[in-house]
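Below, each value reflects all heavy atoms present in this structure, side chains not excepted, and no hydrogens, waters or symmetry copies. For reference, positions follow the sequence shown, starting with 1. Computed from a predicted structure; not experimentally measured.
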Amino acid sequence: MDSFEDDNEDWFYNTISRYGHLLMYDLLSVPYIVTPLSKRIVLMATKSTEGRHSLVLTQVPRKLLMHSVEESGRCKHRDFSIFGGINLEEEVLEVRRSQTSDENPRFFCLLKGKPGLTCYSLDNNGEFVWV
């Protein structure tokens, strides 16, 4: 029985070693609009498997920004960090960031079925608030 367990451990180790650079990252919902705000910060409009829409402000994992295989192999930061988000009733058709200060950024959204633009801001608690 020990030999079988050792073989399984060897196979598992060899598989991870061989495919260690695969970029597999999990998000809770499928992003359909991605708006870069800086080198590492992105605003995403997402849709869940249940059909719910949301805006999510995230930080891109450092591992995705590495320039070489060797450099990325030493990086343990593989997860998206979520700064804030809001659930929406409508689908987001387009989102833009206003040219205001970085302290309280504002985002203008064109929502399906709503006339005009909807403006959101991120407060100090990481919550999106309607402006």
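Using a distance-only test at 3.5 Å, with no hydrogens or angles considered, no donor-acceptor pair links the side chain of R96 to the main chain of F108. Side chain of S48 to backbone of E50: a donor-acceptor contact under 3.5 angstrom is found.
In the hydrophobic clustering of this structure, L117 does not group with L88; members are Ile, Leu, Val, Met, Phe, Trp, Tyr whose side-chain heavy atoms approach within less than 4.5 Å, directly or through other members. A single hydrophobic cluster is seen to contain both Y120 and V95, as judged by linkage of ILVMFWY side chains at heavy-atom distances under 4.5 Å, directly or through other members. Both I86 and V92 belong to a single network of hydrophobic side chains, linked directly or stepwise wherever heavy atoms of I, L, V, M, F, W or Y lie under 4.5 Å apart. In terms of hydrophobic clustering, with Ile, Leu, Val, Met, Phe, Trp and Tyr side chains grouped at heavy-atom distances under 4.5 Å, F107 and F83 are assigned to a common cluster. A continuous path of ILVMFWY side-chain contacts below 4.5 Å connects L43 to I33, so both sit in one hydrophobic cluster.
Applying side-chain contact (heavy atoms from CB on, under 4.5 Å) to L57 and the options I41, T35, I82 leaves one that passes, I41.
Of all non-hydrogen atoms in L55 and C109, the two that sit nearest each other are CD1-SG, 3.5 Å. Smallest separation of non-hydrogen atoms from T46 and P31: CG2-CA, 3.9 Å.
Atoms OG1 and CE, on T58 and M44 in that order, are 3.5 Å from each other to the nearest 0.5 Å. A distance of 8.5 Å separates CD in E89 from NZ in K114, rounded to the nearest 0.5 Å.
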Start with the C-alpha gap between Y32 and H53, add the side-chain angles, then the distance that decides, and say whether side-chain contact (heavy atoms from CB on, under 4.5 Å) holds. CA-CA 10 Å; Y32 58 93; H53 296 275; 3.0 Å; yes

